[in-house]
Amino acid sequence: MCLLIWLVIDIFLPCVPVSTAAEPWPENATLYQQLKGEQILLSDNAASLAVQAFLQMCNLPIKVVCRANAEYMSPSGKVPFIHVGNQVVSELGPIVQFVKAKGHSLSDGLDEVQKAEMKAYMELVNNMLLTAELYLQWCDDATVGEITHARYGSPYPWPLNHILAYQKQWEVKRKMKAIGWGNKTLDQVLEDVDQCCQALSQRLGTQPYFFNKQPTELDALVFGHLYTILTTQMTNDELSEKVKNYSNLLAFCRRIEQHYFGKGSSSIRLS
Amino acid sequence: MLFLVLIPLCGPCPWPLCLLLPSLQTYARFTGAPLKVHKITNPWRSPSGTLPALRTSHGEVISVPHKIITHLRKEKYNADYDLSARQGADTLAFMSLLEEKLLPVLIHTFWIDAKNYVEVTRKWYAEAMPFPLNFFLPGRMQRQYMERLQLLCGEHRPEDEEELEKELYQEARECLTLLSQRLGSQKFFFGDAPASLDAFVFSYLALLQQAKLPSGKLQAHLRGLHNLCAYCTHILSLYFPWEGAEAPPPRQTPANPESEEEPHRRRNQILTVLAGLAAMAGYALLSGIVSIQRAPSARAPGTQALGIAEEDEEE
């Protein structure tokens, strides 16, 4: 009789859905990314910073852990990903949904039209800024040779470091071709970045955040990308120069850095 | 100044399937640019080898769609002239939204969804294209689109495909709802005059609304958003009054390349049949299935007579 009950519990208990919304945000939530000093690349650093900024804005504690194989640990293959309780969620979009399910949201105060605009601008950043970063990292020969290959393969021994770097480069180039960026020159890409920054600057205007007083996930995303572009040393500074043309975007980055990352003085330098 | 645009012809459907072409045409109609549209079926006949292609009055050929719009703007046909800086930024943002969320699903609906592809898309292209392109070109385009979609959406395992499809359609429905919320009760996205964003949105929505698809999950959702449907019908009635009403049969369009192809087509077909028959006859003769027999020679009766004489002698 007892055995029967045990069997029934064993079979049916795993099928009982665990409500994630009921669990509060734990203290030991961790965010995984690649090694900060030697390995992480521009686009991944931007994504990771965006998630960190978002969680800071929601007042949720998170610990950043660096692992060389973070990309392979992630459920979708992209970094960063967070480990909360017994859930693993990757990329900003799903993380925002997950956090919302736990009862924390930055965009609740927006009306329908503003929500539509927020989603549209987030797609703009993903479409233009992120793609431009990927292009610069993987399709610009100077950057690939001097920075990307060395950094991407740094945790692995020879010949694995070269093989993995070439494999990733081939994958990214295929994707660029599929979305029509395969034939673009660096100048055209920089022009697109300029257009994107101009649009963001015009939308921000003189407001402190994109939707006036309160930051939203859009602010986190824009901060992540712009801050990384401004503070990362590349082979040429043309990308950061394009961003520096817009003073309200610089002020926006400084403001978020000082408010949410508690730094006394900004690391953004104007050269 | 007269411009020339070459676009692919699509038989019974009034709208060509490439999504950029209606948006180019619409943009031109909004701005009043004097555009002459040439419909051709063979992409290799275009001056740049790809479609669409714009030939300007200076003889220059431009084939990248956004460059075509930039050229039109330089020639002072600018639909966004009256927009404020912020509205211009919103245009860019919403175009990115359409490209990221709606375009993959439209590609999936027309090219990957088995029922739609076989009954609608492939039929359109096969009917419009000349022989023998209609046999392999649609299949090749389908493979290209499938590869593109896989790269766009990332690698996934076969068993996750249904889930991925559900997620894609969910995002597309959300995108349509967002567009509807942004449009509200206005006539166009930025007030009373159409802008380039209206051209892009219209091209996506009109295609979805007008095509008669056997499995139209997204179509059903679009029909539920009444302000978007009214918006499409309004633009159609204002800027495309005759094309919305009937579908002119392709052979009646006065495109010279089309009529020149007819006699060649017939000649090609006859030659192909003759060549086939000759090949079959030659193979049959050489392999002995069919052999030509010669008639028997005159010496045979003489030999017979000798044989009879010998028998007589023996008797």
Side-chain angles (χ1 to χ4, degrees), chain A residues 74-78 90-91 93-94 97 110-131 170-184 188 191-207 210 218 222 246 248, chain B residues 20 50 63-67 70 80 83-104 107 144-157 160 164 167 170-172 174-186 189 197 200-201 227:
Chain A
S74 160
S76 70
K78 299 209 170 99
S90 66
E91 295 182 77
Q97 304 276 28
L110 301 180
D111 65 32
E112 299 297 340
V113 173
Q114 285 176 317
K115 277 196 183 143
E117 285 181 5
M118 183 184 78
K119 292 245 157 75
Y121 276 94
M122 283 176 80
E123 288 308 324
L124 176 69
V125 172
N126 281 331
N127 201 0
M128 288 203 156
L129 275 185
L130 180 62
T131 319
W170 181 75
E171 262 176 47
V172 173
K173 277 193 166 164
R174 256 179 89 202
K175 186 170 171 194
M176 290 290 149
K177 210 167 144 200
I179 56 176
W181 281 55
N183 292 327
K184 282 196 175 175
Q188 284 170 328
E191 213 181 283
D192 283 338
V193 169
D194 190 45
Q195 233 187 2
C196 180
C197 291
Q198 193 184 34
L200 289 172
S201 172
Q202 281 162 356
R203 182 64 179 82
L204 183 64
T206 49
Q207 297 169 253
F210 278 94
L218 173 62
V222 172
Y246 301 97
N248 62 345
Chain B
L20 301 153
T50 55
S63 54
V64 180
H66 71 89
K67 285 206 175 122
T70 317
D80 293 340
L83 293 186
S84 71
R86 188 159 150 173
Q87 286 172 330
D90 281 349
T91 303
L92 214 58
F94 276 96
M95 270 164 49
S96 296
L97 184 71
L98 284 175
E99 253 184 61
E100 289 277 323
K101 300 283 180 192
L102 206 51
L103 184 61
I107 293 178
Q144 281 174 344
Y145 277 116
M146 206 173 308
E147 200 187 308
R148 185 171 160 187
L149 202 62
Q150 273 181 346
L151 284 171
L152 279 176
C153 303
E155 301 300 321
H156 56 275
R157 293 164 299 189
D160 285 343
L164 186 76
E167 210 182 288
Q170 170 69 20
E171 288 190 351
E174 206 184 285
C175 176
L176 287 176
T177 317
L178 287 173
L179 281 176
S180 172
Q181 282 162 356
R182 180 64 178 78
L183 181 66
S185 53
Q186 294 171 285
F189 274 95
L197 180 63
F200 274 94
V201 172
N227 63 343

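Lettering follows sequence order; numbering is per chain, from 1. These values consider heavy atoms only, across backbone and side chains, with no hydrogens, waters or symmetry-generated copies.
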(request) In sequence, state the C-alpha distance, the side-chain angles, and the governing distance for B/Lys101 and A/Lys119, and then conclude on side chain to side chain contact (heavy atoms under 4.5 Å, CB included). (result) CA-CA 11 Å; B/Lys101 300 283 180 192; A/Lys119 292 245 157 75; over 6 Å; no
(message) Using 0.5 Å steps for rounding, measure from the CD atom of A/Glu117 to the CZ atom of B/Arg182.
(response) 5.0 Å
(request) Decide if atom NZ of A/Lys177 counts as having more than 12 heavy atoms of other residues, nucleotides or ligands within a radius under 6.0 Å. (result) no
(request) Please flag which part of B/Gln87 lies under 4.5 Å from any non-hydrogen atom of chain A: side chain, backbone, both or neither. (result) neither
(message) Nearest 0.5 angstrom please: A/Tyr121 OH to B/Asp90 CG, how far?
(response) 3.5 Å
(request) Among the options A/Ser201, A/Cys196, A/Ala116, A/Gly205, pick out the one with the most heavy-atom pairs lying under 4.5 Å from chain B. (result) A/Ala116
(request) Calculate, to the nearest 0.5 Å, the distance between atoms CG and CE belonging to B/Leu92 and A/Met128 respectively. (result) 5.0 Å
(request) Return the minimal non-hydrogen interatomic distance between B/Ala89 and A/Ala199, and the atom names on each side. (result) CB-O, 3.3 Å
(message) Looking at A/Asp111, I want to see if its CG is surrounded by more than 12 non-hydrogen atoms of other residues, nucleotides or ligands under 6.0 Å.
(response) yes
(request) Start with the C-alpha distance between B/Phe94 and A/Glu123, add both sets of side-chain angles, then the distance that settles side chain to side chain contact (heavy atoms under 4.5 Å, CB included), and finish with yes or no. (result) CA-CA 8 Å; B/Phe94 276 96; A/Glu123 288 308 324; over 6 Å; no
(request) Can you spot which of A/Leu124, A/Asn126, A/Val125 makes a side chain to side chain contact (heavy atoms under 4.5 Å, CB included) with B/Ser96? (result) A/Leu124
(message) I need the minimum non-hydrogen distance between B/Glu100 and A/Asn127, along with the two atoms involved.
(response) OE2-OD1, 3.5 Å
